[in-house]
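What you see is a predicted model, and the numbers here were worked out from it, not measured in a lab.
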Amino acid sequence: MEREASRRVILIDANDATREVLAARLRSQGYDVEPVPDGATGADLALSAPPAAVISDLWLPSISGVQICRLLRSEAATAEVPVILRGERDDPRSRFWAERAGAIAYVAKGRMGELVRALAKACAMARSEDPFFMQLSGGTVDIRDRIAQHLDAALFDSVIASEVRALANAGEFPRLFDQLSQLMSQLSAYRWLALRSTHPEHFGLHCHPRLAVQAEREARLAMGIESVAMLAVHDEDASSAEESSEPVVCQVRFASNVVGTIALGPTRDDHAGSAQLIPMVARELGGALRMASLVEESQRQASIDVLTGLMNRRAFMPAIRNELARGKRYGHQLCVLLLDIDHFKQINDRHGHAAGDVVLSAVGKLLSASLRGSDFAARWGGEEFVVALTNTDVEGGRVTAERARVAVENLVVDDGRGQRIAVTASVGIASLQPDETVEQLMDRADRAMYAAKYAGRNRVGLDEPAAEAPRVLSHLPAKALGTGNVPIVVTGRDPRAS
């Protein structure tokens, strides 16, 4: 007669005496018990004919109950067979191991009633045996091989997870993505790898240089990205294969929040491996992405002037040094504007410091809105602002400075009591000269700004190193400025004014 699957139990216990006592007790409860002395035999029986449940010692010689449980979970025929693990003590560590292995219960030895109740619950959950879904075992040797393969796979996953989590030390997104691409290119054959973070928003793409355009198009389509600027990593670690497979796309989460998306365009030969790899990487990548966003946010907070929303002086200096070096390397011109709000102390004295803060904030927003994408501005200190105009000659600097002066003069700033605050500014211009340092460039812009103040304020001053003495230029053409005729003061080495 065929055994009834819902009552058939495999009992694994290395101790002959306790095994027979326990088997007799379970048989008295109506279970069909198959007692075996070792894990390999028990696993082999379960794989050849899946039972209603398996009861095993947590720790056994050679093959442990934890390994048996994980093996049965990994095999299709036994994935849903309930496993109850037993141990000498009722301690948190044993329960932890049993839970992580996938056991439905952990019962301390001696607690027979608890074991019987857990078994009854397990058998109630068990499915009827399906003769069309059986798996032939290969004996104890095959069982040991399978467990070894399972442990190797678990170790592989653990190593990869550790490597991905270590990306949290990368800091900012560009470095994180570069290191991720180096790792992934060792694990998978892909045409492109893409990563997107949401806060702040970044988009990185790694691909072979020959496929740059095609890879970007495929990655943006797979991830639903249109206008986000791309960080490109092009090298030959990525495959140059023309034939593509369906992209693998996974959300990256940190806790319950989506913090990004990872996608991979595998080669045709590696789609199956990529489909397994990417979800695992996505599970571990959330912490690293979150850490990168926190690092970037802390750096942004340290480099931004809270009142105006512009760079602070500390952040501006490295940026202008980089631009100066780039200009000298490629022959690009560079202009600096130094803008100082006129009579700012009087504004504070007459309208209050809160109103002065409103003026500073308004000027900061005005500069942010009026600059080109390649230019950058900062609060230099107090009521002074500095603007770097990249790839701009003296004439372009003069036009931009005058537009800024007029825009400040036209600002409508209310002091909070219904009274308009009159705001004007004096602007100094300096254009980068050969072999000039940042300090020298800023000093000349400072001299030009003070010369504009000396000439009556609400002016634009220009420092020209070759000029012997100050001179007054004719008005800039209204067509060039779009603001009407206004004077520009040209200065050489002008005295400073208050």
Arg196/Glu201 under salt bridge (Lys or Arg N to Asp or Glu O under 4.0 Å): CA gap, chis, key distance, verdict = CA-CA 7 Å; Arg196 180 183 189 177; Glu201 192 164 42; 2.2 Å; yes
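- With hydrogens and angles ignored, the 3.5 Å screen pairs a side-chain donor or acceptor of Arg73 with a backbone N or O of Val81.
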Go through the steps to decide whether Arg398 and Glu402 satisfy the test salt bridge (Lys or Arg N to Asp or Glu O under 4.0 Å), and finish with yes or no.
-> CA-CA 6 Å; Arg398 290 168 61 184; Glu402 181 56 31; over 6 Å; no
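- Contact check for Glu297 versus His199: no side-chain heavy atoms found under the 4.5 Å cut-off.
- In this structure, the side chains of Ile341 and Leu360 come closer than 4.5 Å at one or more pairs of heavy atoms.
- Panel note: side chain Asn312, backbone Ala302; a donor-acceptor pair is recorded below 3.5 Å.
- Residues Arg403 and Ser370 form no side-chain contact, since every pair of their non-hydrogen atoms from C-beta on lies 4.5 Å or further apart.
- For the atom pair CG (Asn410) and CZ (Arg405), the distance works out to 9.0 Å, reported to the nearest 0.5 Å.
- Rounding to the nearest 0.5 angstrom, the gap separating the CZ atom in Arg326 from the CD atom in Glu323 is 4.5 Å.
- At distances below 3.5 Å, at least one donor-acceptor pair connects side-chain atoms of Gln440 with backbone N or O atoms of Thr437.
- In this structure, OG1 on Thr78 lies 5.0 Å from CG on Leu47, to the nearest 0.5 angstrom.
- Within 6.0 Å of atom NZ in Lys365, 12 or fewer heavy atoms from other residues, nucleotides or ligands are found, so the atom counts as exposed in its surroundings.
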Intermediate values then yes/no, side chain to side chain contact (heavy atoms under 4.5 Å, CB included), Asp305 and Arg313 | CA-CA 9 Å; Asp305 177 69; Arg313 185 169 182 162; over 6 Å; no
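- Here the CG atom belonging to Leu183 is positioned 7.5 Å from the CD1 atom belonging to Ile160, to the nearest 0.5 angstrom.
- Using a 4.5 Å heavy-atom threshold, the side chains of Thr392 and Gln333 count as separate.
- Heavy-atom contacts from other residues, nucleotides or ligands closer than 6.0 Å to CE of Met280 number more than 12.
- Side chains of Trp97 and Tyr106 form no contact here, defined as non-hydrogen atoms less than 4.5 Å apart.
- Looking at Val281 and Val252, their side chains never come closer than 4.5 Å, going by heavy atoms from C-beta outward.
- Using a 4.5 Å cut-off on side-chain heavy atoms (C-beta onward), Glu409 and Asn458 make contact.
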Candidate pair Asp393 and Ser431, rule side chain to side chain contact (heavy atoms under 4.5 Å, CB included), full reasoning | CA-CA 7 Å; Asp393 59 14; Ser431 178; 6.0 Å; no
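- Taking CZ of Arg191 as the reference point, atom CZ of Arg210 lies at 10.5 Å (rounded to 0.5 Å).
- Counting heavy atoms from C-beta on, the side chains of Thr390 and Phe376 come closer than 4.5 Å.
- With no hydrogens or angles considered, a side-chain donor-acceptor pair links Ser426 and Asp342 at under 3.5 Å.
- In this structure a side-chain-to-backbone donor-acceptor pair under 3.5 Å is missing from Ser361 to Asp357.
- Side-chain contact check for Ser239 and Thr267: no donor-acceptor pair (N or O, by modelled atom type) lies under 3.5 Å.
- A parallel orientation is assigned to the rings of His202 and Phe173, their planes being inclined by less than 30° (bins at 30° and 60°).
- No side-chain donor-acceptor contact under 3.5 Å links Arg217 to the backbone of Arg220.
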Stepwise side chain to side chain contact (heavy atoms under 4.5 Å, CB included) test for Leu289 and Phe254 | CA-CA 8 Å; Leu289 270 186; Phe254 181 76; over 6 Å; no
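- The line from OG of Ser188 to CG of Leu193 is 9.0 Å long, rounded to the nearest 0.5 Å.
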Are Glu439 and Arg321 close enough, and set up right, to give a salt bridge (Lys or Arg N to Asp or Glu O under 4.0 Å), and what steps lead you there?
-> CA-CA 10 Å; Glu439 288 74 18; Arg321 291 185 196 280; 2.8 Å; yes
